[in-house]
Amino acid sequence: MLKRIVLLLLAVVLVFSCAMAEENIEWEVEEEEIVEEADENLLSEGDVPQERTPRDDFIDRIVETGHQLYIKANGKLQRAHYSGDIYVCKNFTVYLFRENRDDFRMAEYPDVPLVIPDNLPKNDCKPYAYGFLWKDVPASDGNPFYVAAQFIYDSELSKDENMALAVEFMKQVRRGDYFQMSADYEYGVGAHSAIMISDYNPETGTVHWMDSNMRGGKKNNERYGMVQFDEEKSIEWWAKAFCHKKRGATLYRLRDDIIYAP
């Protein structure tokens, strides 16, 4: 009889121990699952995309219009000789702006159509070289751009000091910036216009852009230029182009209050 009682007690203890062990195992698994769920929630919160703005849309349309002209050119040089030719560098950037501006306004001036300033006339640029400055058109007259950054060669500094400042200037590049420079480089001497289609990439030290007539040649005594899209160069390459006495470069950026036209 005593033996049966002992065996019964042992059985009860064994069952109770197994139940406790199972309870502990279930608790550990549940705790691990909670941790995993918390990690997934953190990831999903970090992956939430930023809301696209009308300004983003405006820039995207400008870039896409440039892409379509690049495709249409199909690698062939386009006439860039006369004032009405859209493949002259400044005309190209202006054309892309005007083709897309009608759907947009500035929130501060919702009834004013957007305009893009002309380059500042040569005589008004003195003592600096022509090409890296625009006319000063106020926003109230429809100019949606502001000067985001600018480099002007400082003759009181050394060449190396100027170069360092020029490189820092190029680090300010953002997608959609209208870029103006007065250059002396492998493709010529004088003014050039381009549109930056990427932010400055610190990992590669480069920027991407599109333009027309940076590269080209003469045909029947007329200038023909190449349309470029998604070109990539180091910021040092750009800095060397405009880091010369009396020369410089400017980044013109669209205001943040771009809205859709009423």
Side-chain angles (χ1 to χ4, degrees), residues 54-73 77-106 109 112-122 124-125 129-150 173-183 187-188 190-198 207-216 222-231 238 242 248-255 258 261:
R55 181 181 182 277
D56 296 329
D57 188 20
F58 192 10
I59 291 173
D60 287 346
R61 294 191 197 187
I62 289 172
V63 172
E64 180 56 27
T65 304
H67 187 208
Q68 292 304 315
L69 288 181
Y70 168 77
I71 293 173
K72 182 180 178 181
L77 298 181
Q78 306 297 309
R79 196 181 69 184
H81 187 79
Y82 300 100
S83 60
D85 291 338
I86 68 169
Y87 294 102
V88 174
C89 61
K90 173 71 175 183
N91 291 357
F92 182 78
T93 60
V94 169
Y95 176 83
L96 300 183
F97 175 86
R98 290 178 176 171
E99 283 293 292
N100 295 283
R101 66 180 173 180
D102 291 345
D103 288 338
F104 301 92
R105 296 287 190 273
M106 289 175 282
Y109 306 102
V112 181
L114 301 184
V115 300
I116 183 170
D118 294 330
N119 285 354
L120 191 65
K122 185 175 182 179
D124 294 341
C125 293
Y130 167 81
F132 67 95
L133 300 171
W134 285 0
K135 290 181 178 179
D136 186 14
V137 178
S140 57
D141 288 344
N143 177 18
F145 294 93
Y146 66 95
V147 175
Q150 188 172 74
V173 167
R174 297 294 179 267
R175 174 179 167 84
D177 285 351
Y178 270 56
F179 176 84
Q180 287 287 151
M181 71 174 177
S182 175
Y187 298 124
H192 187 65
S193 308
I195 300 174
M196 297 299 175
I197 61 175
S198 77
V207 293
H208 292 247
W209 82 95
M210 62 179 177
D211 66 4
S212 177
N213 202 31
M214 173 185 280
R215 301 162 59 190
E222 293 179 336
R223 173 74 182 182
Y224 279 72
M226 178 178 291
V227 181
Q228 299 186 124
F229 184 83
D230 201 23
E231 292 291 311
W238 282 99
F242 57 77
T250 307
L251 292 174
Y252 291 97
R253 186 167 297 163
L254 284 170
R255 291 164 49 124
I258 299 297

What is the distance from atom CG of N100 to atom CD of E64, rounded to the nearest 0.5 Å?
9.5 Å
Between the OH atom in Y146 and the CG atom in L254, the distance rounded to the nearest 0.5 Å is 9.0 Å
Checking the side chain of D177 only, and the main-chain atoms of R174 only, is there a donor and an acceptor separated by less than 3.5 Å?
yes
Compute the ring centroids of F179 and W209, then answer whether they are less than 6.0 Å apart.
no
Taking R79 for its side chain and D85 for its backbone only, find out whether a donor-acceptor pair lies under 3.5 Å.
no
Pairwise side-chain contact, D118 with W134, heavy-atom cut-off 4.5 Å (strictly under)
no
Scanning both residues in full, the closest heavy-atom pair of V227 with A73 reads CG2-CB, 4.0 Å
Determine, for R175 against D56, whether the closest basic-nitrogen to carboxylate-oxygen distance falls under 4.0 angstrom.
no
Check whether any side-chain heavy atom of Q78 lies under 4.5 Å from a side-chain heavy atom of K72, and answer yes or no.
no
Heavy-atom closest pair (V88 atom, H81 atom, distance to 0.1 Å) is CG2-N, 4.2 Å
Evaluate the side-chain proximity of E222 to Y82: yes if any heavy-atom separation is below 4.5 Å, no if none is.
yes
Please check if the side chain of S182 supplies one atom and the backbone of G131 the other of a donor-acceptor pair under 3.5 Å.
no
Minimal non-hydrogen separation, P54 against F104, with atom names
O-CE2, 3.3 Å
Between the main-chain N or O of L96 and the side-chain N or O of T65, is there a donor-acceptor pair closer than 3.5 Å?
no
Side-chain contact test, heavy atoms from C-beta onward, threshold under 4.5 Å: evaluate it for K135 versus N119 and give yes or no.
no
Grab the two heavy atoms, one from R253 and one from V173, that are nearest each other, plus how far apart they are.
NH2-C, 4.3 Å
Only one of K90, Q150, H192 forms a side chain to side chain contact (heavy atoms under 4.5 Å, CB included) with Q180, so which one is it?
K90
Evaluate M210 against D230 for side chain to side chain contact (heavy atoms under 4.5 Å, CB included), listing each step before the verdict.
CA-CA 6 Å; M210 62 179 177; D230 201 23; over 6 Å; no
For the atom pair CZ (F132) and OG1 (T250), what is the distance rounded to the nearest 0.5 Å?
6.0 Å
Look up atom CE in M181 and atom CG in L133, then write down how far apart they are to the nearest 0.5 Å.
14.0 Å
CG of L77 to CZ of R223: how many Å apart, nearest 0.5 Å?
8.5 Å
Hey, are the side chains of W238 and V207 touching, using non-hydrogen atoms and a 4.5 Å cut-off?
yes
Kindly assign one of parallel, tilted or perpendicular to the pair F145 and F97, based on the angle between their ring planes and the thresholds 30° and 60°.
tilted
Between CE of M196 and CD1 of I59, what distance do you get to the nearest 0.5 Å?
13.5 Å
Would you mind telling me which of I197, D211, L69 makes a side chain to side chain contact (heavy atoms under 4.5 Å, CB included) with F229?
I197
Looking only at heavy atoms, what is the nearest atom pair of E231 and Q228, with distance?
CG-CB, 3.4 Å
Check the pair Y87 / N213 against side chain to side chain contact (heavy atoms under 4.5 Å, CB included), numbers first and verdict last.
CA-CA 7 Å; Y87 294 102; N213 202 31; 5.9 Å; no
Correct closest heavy-atom pair for F92 and G66 would be CZ-CA, 4.3 Å
Is the closest side-chain heavy-atom distance between I116 and Y178 below 4.5 Å?
yes
Say whether, by atom type as modelled, one donor and one acceptor occur between the side chain of N91 and the main chain of S83 under 3.5 angstrom.
yes
Return yes when atom OH of Y109 has more than 12 non-hydrogen atoms of other residues, nucleotides or ligands closer than 6.0 Å, and no otherwise.
yes
Short N-O contact, D103 and R61, less than 4.0 angstrom:
yes
For residues R105 and P144, determine if any side-chain heavy atom of one lies less than 4.5 Å from a side-chain heavy atom of the other.
no
